[in-house]
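See below for the structure under consideration.
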Amino acid sequence: TQLLEQSPQFLSIQEGENLTVYCNSSSVFSSLQWYRQEPGEGPVLLVTVVTGGEVKKLKRLTFQFGDARKDSSLHITAAQPGDTGLYLCAKDGFQKLVFGTGTRLLVSP
Amino acid sequence: NAGVTQTPKFQVLKTGQSMTLQCAQDMNHNSMYWYRQDPGMGLRLIYYSASEGTTDKGEVPNGYNVSRLNKREFSLRLESAAPSQTSVYFCASSDASGAYYEQYFGPGTRLTVT
């Protein structure tokens, strides 16, 4: 059972555009992780957010944890072709993670 | 450090054949995981091992078995492969002493069952 909803499922944009992807849950979670998966490879951890309202920045990527701890967003500024990939959010479960279905991003030159 | 390694990278099986997917990590992590990834389904947990000597079922365990051979190695076995098991399989590990189970993934095994 998927407990994390990600939107949009697919996003195709031009280089230089901004975008936001969302991760939502019906239940509260104590922490949330974002991963990026490039074609043919395994996911790689980008960031962990743990405090309601927290904002973390990683170069052109901005991650926000909702105040109610039930949602998170990832904003990319001035997207580049190297940002192409599958973005996955994951919430903590007991001794394991629960992953969302992912947002597939394609950035064209 | 190699991180998490998986073998083989690609495999084609006929229905009913068996095989074992191997996974090893050199980060001294306590916890290890097996996932499958299908289009539009994200990552679904098959089995996990929170520590050496323990294994637990995940979301989709049917048709699979696992062995935590030692702290480094965690294998996934398909006893009688079925076309529904065509997927990309990822192994991951995490430091259970950390608070958030942040995971490190291997490169994946692409399995086709005909």
Side-chain angles (χ1 to χ4, degrees), chain A residues 1-11 21-25 29-52 54 56 58 63 65 69 72 74 85-106, chain B residues 2-6 9-10 21 23 25 27 29-52 54-61 66 68 74 87-110:
Chain A
T1 302
Q2 291 290 352
L3 301 177
L4 283 178
E5 297 284 340
Q6 288 190 243
S7 61
Q9 290 188 337
F10 183 75
L11 195 53
V21 300
Y22 300 92
C23 175
N24 294 286
S25 173
F29 37 89
S30 60
S31 67
L32 188 113
Q33 299 171 23
W34 283 94
Y35 291 78
R36 178 170 64 208
Q37 183 180 17
E38 297 185 11
E41 299 183 8
V44 175
L45 178 68
L46 295 173
V47 75
T48 301
V49 287
V50 300
T51 305
E54 181 177 8
K56 282 191 174 179
L58 187 65
F63 303 86
F65 199 10
R69 309 170 71 92
S72 181
L74 158 60
L86 178 67
Y87 289 81
L88 294 159
C89 63
K91 61 176 274 188
D92 58 280
F94 179 65
Q95 295 181 331
K96 58 188 182 290
L97 297 177
V98 176
F99 282 85
T101 52
T103 292
R104 192 166 296 279
L105 173 64
L106 175 63
Chain B
V4 179
T5 57
Q6 293 183 236
K9 288 193 174 184
F10 300 93
L21 282 65
C23 174
Q25 53 91 10
M27 295 174 283
H29 286 169
N30 291 315
S31 300
M32 298 185 73
Y33 310 82
W34 276 106
Y35 295 90
R36 59 177 291 171
Q37 186 174 41
D38 303 293
M41 301 294 289
L43 285 165
R44 292 186 292 170
L45 184 64
I46 304 171
Y47 271 93
Y48 68 103
S49 171
S51 61
E52 187 178 356
T54 68
T55 60
D56 286 285
K57 294 179 180 179
E59 184 184 354
V60 288
V66 291
R68 182 75 183 267
F74 189 37
S87 188
V88 182
Y89 291 86
F90 289 98
C91 177
S93 70
S94 70
D95 180 2
S97 64
Y100 309 117
Y101 296 97
E102 295 161 338
Q103 298 190 3
Y104 296 81
F105 285 82
T109 295
R110 284 143 187 82

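Worth knowing before you read on, the calculation uses all heavy atoms, side chains too, and leaves out hydrogens, waters and symmetry mates. Note on naming: letters A, B, ... go to the chains in the order of the sequence lines (proteins, then strands), and numbering restarts at 1 for each one.
- Proximity to chain B (any heavy atom under 4.5 Å) is restricted, for A:Glu41, to the backbone atoms N, CA, C and O.
- Residues passing the ring-ring contact (aromatic ring centres under 6.0 Å, His included) test with A:Phe65 are A:Phe29, sequence neighbours excluded.
- By the neighbour-count criterion of 12 heavy atoms within 6.0 Å, atom CZ of A:Arg104 is sparsely surrounded, having that number or fewer from other residues, nucleotides or ligands.
- Judged purely by distance below 3.5 Å, without hydrogens or angles, the side chains of B:Tyr35 and B:Gln37 never pair a donor atom with an acceptor atom.
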Exercise for review: For the pair B:Asp56 and A:Lys96, evaluate salt bridge (charged side-chain N to carboxylate O under 4.0 Å, His left out) and give the outcome as yes or no after the intermediate values.
Suggested key: CA-CA 11 Å; B:Asp56 286 285; A:Lys96 58 188 182 290; over 6 Å; no

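- For A:Gln37, the part sitting under 4.5 Å from any heavy atom of chain B is the side chain, from C-beta outward, and nothing else.
- Proximity to chain A is absent for every atom of B:Gln6, based on heavy atoms less than 4.5 angstrom apart.
- Between A:Phe63 and A:Trp34, the ring planes lie tilted relative to each other; the angle falls in the 30° to 60° range.
- Residue contact with chain B, scored on non-hydrogen atoms closer than 4.5 Å, involves the side chain of A:Tyr35 exclusively.
- Heavy-atom distances place no part of B:Tyr104 under 4.5 Å from chain A, backbone and side chain included.
- For the set A:Leu88, A:Leu86, A:Val50, the count of heavy-atom pairs under 4.5 angstrom toward chain B peaks at A:Val50.
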